[in-house]
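What's counted below: heavy atoms across the whole structure, side chains too, no hydrogens, waters or symmetry copies.
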Amino acid sequence: MIARLKKIAFALKSEIMVLWIAARDPRTPIIAKIIAALVAAYALSPVDLIPDVIPVLGLLDDLIIVPAGIWLALRFVPHDLMDEFRARAAQMQKKASRAGMTFIIFIWASAFVATTVWIASFRSP
């Protein structure tokens with residue numbers, strides 16, 4: 001069950017990247033661009049319509065809005081373009097994993113150093 005959920009989550013993440021590529025491609029129909037951009041922006045945004053801290057409802061909006069938006073956007077993008085966008089997204093994910101890891105490590109290291117300096121400033125007379 002957990003393996004199946006992980007597979008679904010990875011597929012959704014991949015489709016969001018595909019929609020982001022579709023939204024920026026000039027061959028994509030305008031309605032598909034608008035829907036794809038909105039879905040990708042909502043999925044990647046840290047701001048939700050219903051905050052995740054609200055039990056059940058906070059996660060329910062992500063479980064309904066994002067997949068429904070992906071489904072709707074996919075209906076408007078031609079299949080041949082989607083195949084091309086999926087191939088491009090797969091290449092980008094391979095390249096982005098190292099760059100993303102490096103960026104995240106840099107952010108955490110910077111936060112650690114900033115916190116250490118801030119705490120040390122209180123101890124200094």
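At a threshold of 4.5 Å between side-chain heavy atoms, the hydrophobic network of Ile, Leu, Val, Met, Phe, Trp and Tyr places Ile119 and Val117 in two separate groups. In the hydrophobic clustering of this structure, Val77 groups with Leu72; members are Ile, Leu, Val, Met, Phe, Trp, Tyr whose side-chain heavy atoms approach within less than 4.5 Å, directly or through other members. Criterion: ILVMFWY side-chain heavy atoms under 4.5 Å apart, direct or through other members. Under it, Phe106 and Trp108 are part of a common hydrophobic cluster. Cluster membership check: Ile30 shares its hydrophobic cluster with Leu38, using side-chain heavy-atom separations under 4.5 Å among Ile, Leu, Val, Met, Phe, Trp and Tyr.
We find that Arg88 and Asp83 are not joined by a salt bridge, their nearest charged nitrogen and carboxylate oxygen being 4.0 Å or further apart.
Rounding to the nearest 0.5 Å gives a distance of 15.5 Å between CZ of Phe112 and CD1 of Ile107. To the nearest 0.5 Å, atom CE of residue Met17 and atom CH2 of residue Trp20 are 10.0 Å apart.
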Would Glu15 and Trp71 count as a side chain to side chain contact (heavy atoms under 4.5 Å, CB included) here? Give the steps.
CA-CA 10 Å; Glu15 291 299 297; Trp71 175 81; over 6 Å; no

Starting from the C-alpha separation in whole Å, work towards a yes-or-no answer on side chain to side chain contact (heavy atoms under 4.5 Å, CB included) for Thr28 and Ile21.
CA-CA 10 Å; Thr28 304; Ile21 294 168; over 6 Å; no

Apply side chain to side chain contact (heavy atoms under 4.5 Å, CB included) to residues Lys33 and Arg24 and explain how you reach the verdict.
CA-CA 7 Å; Lys33 282 185 178 195; Arg24 297 171 46 207; over 6 Å; no

Steps toward side chain to side chain contact (heavy atoms under 4.5 Å, CB included) verdict (Arg27, Glu84)
CA-CA 12 Å; Arg27 298 172 292 167; Glu84 179 185 329; 2.6 Å; yes

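Val18 has its side chain out of reach of Ile70: every pair of non-hydrogen atoms, C-beta onward, lies at least 4.5 Å apart.
Between Ile35 and Gly69, the shortest heavy-atom distance links the atoms CG2-O, 3.9 Å. Residues Phe76 and Pro29 share a closest heavy-atom pair of O-CG, 3.5 Å.
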